[in-house]
Amino acid sequence: YGLVGSEMCIRDSYVVTNFVGYQKKVIDPVLVTRSNEKVDLGLLEMSVDKQSIEEVEIVADRKHVEYKLDKKIVNVSQDINAAGGTAADVLENTPSVSVDIEGNVTLRGSGSFTVLIDGKPSVLEGSDALQQIPASAIENIEIITNPSAKHDPDGNAGIINVIMKDKTDQGLNGIVNASVGLNNKYRADFLLNRRTGNWNFFLGGNYNNNLYPGRMTREQVTFTDSLDRVLEADGAFDFRRSGLQLKGGVSYDFSETSTLTLEASGGNYGFGIDRSNRSHEYTMPATDDIYYVSRSTMDRSGRYLNFTANYTKQFDSRDHQLTTMAYFSRSTGDGIEKQEDYNTEEGFLVEDVIPFSTRAVETEDEYQARLEIDYTRPVGATGKLEVGYQARLDDEFENRLYEEFDNDTDVWIENEQYTSGLDFFRNIQAAYATYGGEWKNFQYQLGLRGEYTYRKIEHERSGEDFLINRLDYYPTLHLAWQFKNDHQLMLSYSKRVDRPRGYWLEPNISYVDPYTIRVGNPALEPEYIHSLELGYQKGWGMNFLAAELYYRNTTNLITRVTEFNDSLDLFVLNVQNMNNDHSAGAELMVNWKFWKWLTVNGSITPYYYRINGDINGTPVEEETFSWRSNLNTTFQITPTTRLQTNMAYRSRTVTAQGTSEGFYYMNVAFRQDLFDRKLSATLQLRDVFGTMKRDFTNTGENFEQHVVMMREPRVLTLTLSYRINNYRNEPERRGEGGGEMDFGGGF
């Protein structure tokens, strides 16, 4: 104590300020007197406490595949074998999915599935869409084999929803990727995002130009009463794919609960096939012995423009919200198929041989529009109700011109028999409701969807209209039980529909190869699918074991049929509603991190398939037991260095008219992160042993056919990825309310 003037004060009083991350500040002395009991210390300034510590690097991996109540989620970042590739390459090592030598994707044995991008429709369909999406731009892929009633019921096997990368931190962020591979394989893409205040802007694009050389051999025999006719052919079979896309958008947050997003994208795409075959044709008993060379090209290209507007309003809780989406698309495309046949001497071209030349030119113009309104609100303590309305319109015009070249006049002459036009219109109006909740460790969701479909096809040469005017209902059910120690059991059911693809409906003749044509069927009707699944999961941290049993029955099955036409001397492919099929199987998957440096992800899928019906009056009863497996092994050599191997096997299976032989393959990839992970370099070798192929046999009443196709093996690709402002992607759930659209026009 002491005296200040005539007053007593506390001389040793002081004030200490302290806060986490800042230096402690001491004010000493602080004079307090009886007349000045309140002391104003003014503004206190504190300095950041800077301390140097040893650098600590935390690297967190996600599971390659995660299982949710109604979907599987494939984390693309965990698959370095997909670097420089496409969404189809990502799916090569995924349960429920198979990818053949041509890049055709099947989901549980079916090529009929719906592709969404961020929950919104894709301009292209199925495998064609997945082949155009760069893997480096994908955050994850959702595989939904039993979707709820909220989703469109289209697709025999379900939905593949591709979630693209997004970044919404304040400031500018982005990522740039480029890859180059042997034999003319190029791909590049970029994504830039800038967020400032309530505004968020993004701009992206991608480019690809790839050549896939290959070979095809064909052996076929056609039978008549007097003799057998044999064809042996061998030659090049090269695929080409290319595309360019630009996309951009802006979103504005009116408040923390209200957001408007506008997006637009446009671009072009192209793919083609170049064939050159040396053929030998002879008869038994020997009467003819003919050699000839066939050269053919198929080129398809198109342009598209999409606009999407999304508005989301969240109310008093996260599960209480209203979302709306309006979508419009315009696409145009054209294709040309050309064939030249040369008579030769023992398979070698000679001078002055004049070929017989034909070509088909096709153009199309398509408009798509879609409107969705989805409302979600909680009910009680654990329930949730979802209701919505969806409308989609599709209008497409196609024209096909078939011509033969006149060598005497050097002009193309129209063949009116195979020239025609087609107008396709479809209107689908849908409403749905789902209700879900939980009781103790039990979760459930019930759903019902009603759809009115009006479809009209006008073909100028058929003289009649082909109509569908019907109302359908699609129930869904999802159940889950959560047990102690991270055990979970799930049961689900859905009814679905597979609407015919556009090129299946065209009654025009389309060229496939020198020996085969395709003819569509405008009277084709949808097929209906009943799907049931039972799943089990057990987790141990990052490790997990998952098993699924599934059964699927298809009625009014759309069946591809091969016939030999004696008058045309060609094989004819067509489609008809003529069969039913049944498939049942099991999927067992394990993800295990044995050590910090070794993670193994594997799956095995045995399944049974049976088809019954008739083909052109001939009973069909085929069944098979098959299996497929995947094994993905990742070696974490250093925190910035990884080596990954990917092996897969597909066993032999049956088709309606034959068999498809099994095959296996192996891919290897090495990844190195540089400059504090701002730059990554990935070197990849695909099909290490050259064993990936497509080998199938078709048998009919008067023919046998065996075809083998192989692409170039050991494709080496280098991919570089650069992150702007050390880009780190934060996964965001998008597309939850999205629906899919069937682009009935094929391309």
Any chance the side chains of [X] and [Y] put a donor and an acceptor closer than 3.5 Å?
{"X": "T434", "Y": "E386", "result": "yes"}
{"X": "Y609", "Y": "D581", "result": "yes"}
{"X": "E142", "Y": "N140", "result": "no"}

So, [X] side chain and [Y] main chain: donor-acceptor pair closer than 3.5 Å or not?
{"X": "N577", "Y": "E525", "result": "yes"}
{"X": "T605", "Y": "E587", "result": "no"}
{"X": "N556", "Y": "P526", "result": "yes"}
{"X": "Q482", "Y": "H487", "result": "yes"}
{"X": "T114", "Y": "D154", "result": "yes"}

Who pairs with [X] by salt bridge (charged side-chain N to carboxylate O under 4.0 Å, His left out), at least two apart in sequence or on another chain?
{"X": "E533", "result": "R108"}
{"X": "E458", "result": "K456"}
{"X": "D334", "result": "R303"}
{"X": "R330", "result": "D365"}

Is the NZ or CZ atom of R241 positioned over F271's six-membered ring, under 6.0 angstrom from the centre and within 45° of the axis? yes
Run the salt-bridge test on [X] and [Y] with the 4.0 Å N-O cut-off and return the result as yes or no.
{"X": "E398", "Y": "R400", "result": "no"}
{"X": "E451", "Y": "R499", "result": "yes"}
{"X": "K247", "Y": "D189", "result": "no"}
{"X": "K150", "Y": "D374", "result": "no"}

Salt bridge (Lys or Arg N to Asp or Glu O under 4.0 Å) between E396 and R426, intermediate numbers included: CA-CA 9 Å; E396 180 180 359; R426 183 172 58 205; over 6 Å; no
Suppose we screen for side chain to side chain donor-acceptor pair (under 3.5 Å). Which residues come up paired with [X], at least two apart in sequence or across chains?
{"X": "T476", "value": "none"}
{"X": "Y207", "value": "N209"}
{"X": "N427", "value": "Q429"}
{"X": "Q321", "value": "none"}

Specify whether Y252 and F254 have parallel, tilted or perpendicular ring planes, treating 30° as the upper limit for parallel and 60° as the lower limit for perpendicular. perpendicular
Y375 and F315 aromatic ring geometry - parallel, tilted or perpendicular at 30°/60° bounds: perpendicular
Once side chain to side chain contact (heavy atoms under 4.5 Å, CB included) is applied, do any residues pair with [X], and if so which ones, sequence neighbours excluded?
{"X": "L192", "result": "F190, I724"}
{"X": "A586", "result": "L549, P606"}
{"X": "A523", "result": "F466, N521"}

Selection residues 251-264 - residue pairs positive for salt bridge (Lys or Arg N to Asp or Glu O under 4.0 Å), sequence neighbours left out: K120-E263, R195-D253
Using a 6.0 Å cut-off, check whether atom OH of Y473 has over 12 heavy atoms from anything other than its own residue. no
